[in-house]
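Take a look at the structure set out below.
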Amino acid sequence: MSKPVIEVNNLYYRYPRSNDYVLKDINFSVEKGQFLAITGENGAGKTTLSLILSGIIPQAKGGKMHGNVIVCGLDTQKEDLAVLSQKIGIVLEDPETQLFTTKVFNEVAFGAENLGLPREEIIKRAKWALKVVRLEGYEERHPTMLSGGQKQRVAIASALTMRPDIMVLDEPTSQLDPIGTIEVFEVVKELKQKYGMTIIMVTHKSEEIAAFADNVLVINQGELLTFGTPKEVFSNKEVIKKAWITIPQVSSLYLDLLDKGLQLEEFPILPEEGVRLVKQKIS
Amino acid sequence: MEGLLFGLVICYRLLTLILLMPLISMTTEVNQMAIGLVKLGMPYKIAYTATTALNMIPSLEEQVRTIMDAQKLRAFTVFEEGRIHEKLFAYPALVVPMVIGAMKKSMLVGVAMDARAFGCKKTRTYIDVIRFTTKDYASLVFLLTLIGVLTYFNLFC
């Protein structure tokens with residue numbers, strides 16, 4: 001087993017001016033090149049967790065944090081945010097608020113400019129990042145003139161210019177239409193497969209978790225409810241009920257069939273898989 | 001009489017300033033304004049905070065429109081049909097959600113800027129280069145002459 005790129009040990013966190021811990025006793029680790037989905041009810045602490053991974057909490061937002069979070073061997077509580085941002089990039093939920101310059105190219109270059117890199121290097125990186133997210137030719141556009149999917153891809157490109165090893169995406173598709181969602185997932189898939197990046201994605205969309213994630217982490221009221229493969233998690237009735245997760249359509253269809261007495265070899269989470277298993281059963 | 005005139009003059013001066021502001025933001029790109037301010041010696045954190053705030057004005061306008069539409073949908077038509085004093089009392093219903101929205105938004109923008117290492121280094125690079133060209137010198141000379149002439153007339157005529 002390779003060494004984990006993210007290690008979270010006994011993590012507790014509460015926001016400033018609050019007495020309640022929003023995250024309690026969280027422990028998990030992620031290996032290089034993995035796709036981890038984080039899911040759970042609204043207000044369960046998913047966004048807080050993704051900001052903790054990137055070091056913004058507690059460094060920029062304060063609050064009380066116990067335990068430790070190690071990203072690429074760096075302690076997120078102590079390491080300089082400039083150094084951390086080159087290891088772990090973050091894309092936020094709202095496509096509007098995370099773009100704040102007047103040109104796509106400036107937006108993408110912003111992070112690298114803050115690092116004080118040489119101008120030629122920044123331009124090279126920004127061009128590369130726009131190519132990765134398939135937005136070449138959009139350099140001079142105003143970010144507000146783009147579609148939701150394009151805005152989120154600009155946000156991904158903006159994180160990419162810092163050349164991180166890990167990309168955290170906090171519900172990147174929750175405000176997008178189906179086409180925008182597909183665009184974003186295509187790019188994320190490529191980041192993982194072609195560039196070997198580790199992906200952490202906060203999402204509610206079970207179909208996408210089933211299709212893309214290697215592991216799922218379920219948070220319920222600030223506590224880690226379970227950590228496992230999508231198949232393990234979606235087939236666990238207790239967890240599903242407790243954390244209010246929706247399961248993929250094919251899985252809920254199977255549960256209905258199971259009630260009627262049709263038992264398949266495995267618990268299906270992908271449509272193709274369901275078809276294969278049913279065909280197998282019939283023949 | 002003199003007091004009244006003095007008041008009017010001050011009033012017009014302020015009005016000129018306020019009316020000229022949109023002209024600046026329409027003709028100068030916000031990013032270039034920030035770089036310009038930095039070149040004039042302003043710390044880049046302050047320059048960017050100021051210009052990012054300018055950048056948020058259009059989205060604030062949009063937010064105000066959304067709030068007003070939502071109010072109209074619930075038959076709240078004071079801003080269209082009401083009398084002045086009614087409008088005055090109705091403003092908190094518009095301003096409070098707007099301010100809360102703006103505060104939330106600016107916090108999110110702050111997070112997005114933190115995530116991209118804003119303010120982590122003492123100096124930063126700018127990919128946009130602004131230079132003082134002949135045009136700038138020409139307009140500077142023109143402005144200085146104008147100020148000179150006006151001052152002369154003010155003082156000696």
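Scope of the values below: all heavy atoms of this structure, side chains included, with no hydrogens, waters or symmetry mates. Letters A, B, ... mirror the listed sequences (proteins, then strands); counts begin at 1.
Looking at A/Ile88, neither its backbone nor its side chain comes within 4.5 Å of chain B, counting heavy atoms on both sides. Within the 4.5 angstrom heavy-atom criterion, only side-chain atoms of B/Met107, from C-beta onward, approach chain A. Only the backbone of B/Thr123 has a heavy atom closer than 4.5 Å to any heavy atom of chain A. For a residue to count as touching a neighbouring chain, one of its non-hydrogen atoms must lie under 4.5 Å from one of that chain's; by this rule A/Ile56 touches chain B with the side chain only.
Taking A/Thr144, A/Thr101, A/Leu117 one by one and counting their heavy-atom pairs under 4.5 Å with chain B, the maximum is reached by A/Leu117. Counting heavy-atom pairs closer than 4.5 Å to chain B, the top-ranked of the candidates A/Lys103, A/Glu93, A/Glu107, A/Glu96 is A/Glu107. Looking only at heavy-atom pairs under 4.5 Å with chain B, the residue among A/Ile90, A/Leu51, A/Val91, A/Leu92 that has the most is A/Leu92. Counting heavy-atom pairs closer than 4.5 Å to chain B, the top-ranked of the candidates A/Ala159, A/Ala155, A/Ser158, A/Ser85 is A/Ser158. Between chain A and the residues B/Thr52, B/Thr51, B/Val109, the largest count of heavy-atom pairs under 4.5 Å involves B/Val109.
Summarising the geometry of A/Leu115 relative to B/Lys121, their closest heavy-atom pair is O-NZ, 3.5 Å, with the distance given to 0.1 Å. Residues B/Thr125 and A/Pro118 come closest through the heavy atom pair CG2-C, 4.4 Å. What you find for B/Cys120 and A/Leu81 is that their closest heavy atoms are SG-CB, 3.7 Å. Across A/Asn114 and B/Tyr44, no two heavy atoms sit closer than the pair OD1-CE1, 4.4 Å.
The local environment of CD1 in B/Ile84 is sparse, with at most 12 non-hydrogen atoms from other residues, nucleotides or ligands closer than 6.0 Å. Heavy atoms of other residues, nucleotides or ligands lying less than 6.0 angstrom from CZ of B/Phe89 number 12 at most. Atom NZ of B/Lys87 is surrounded by more than 12 heavy atoms from other residues, nucleotides or ligands within 6.0 Å. Other residues, nucleotides and ligands contribute at most 12 non-hydrogen atoms within 6.0 Å of the CD atom of B/Glu62. Atom CG of A/Asn19 has 12 or fewer neighbouring heavy atoms from other residues, nucleotides or ligands inside a 6.0 Å radius. Counting non-hydrogen atoms of other residues, nucleotides and ligands closer than 6.0 Å to CZ of B/Phe142 gives a total of 12 or fewer.
Under a 3.5 Å cut-off, the side chain of A/Arg119 and the backbone N or O of B/Ile127 do form a donor-acceptor pair. Side chain of B/Asn55 to main chain of A/Phe100: a donor-acceptor pair is present (N/O by atom type, distance under 3.5 Å, no hydrogens or angles). With hydrogens and angles ignored, the 3.5 Å screen pairs no side-chain donor or acceptor of B/Arg116 with any backbone N or O of A/Ala109.
A/Phe110 has its side chain within reach of B/Arg124: a pair of non-hydrogen atoms, C-beta onward, lies under 4.5 Å apart. With contacts defined as side-chain heavy-atom distances shorter than 4.5 Å, the pair A/Lys61/B/Val111 qualifies.
B/Glu29 CD to A/Thr102 OG1: the interatomic distance, rounded to the nearest 0.5 Å, is 4.0 Å. A distance of 10.5 Å separates OH of B/Tyr126 from CD1 of A/Ile122, quoted to the nearest 0.5 Å.
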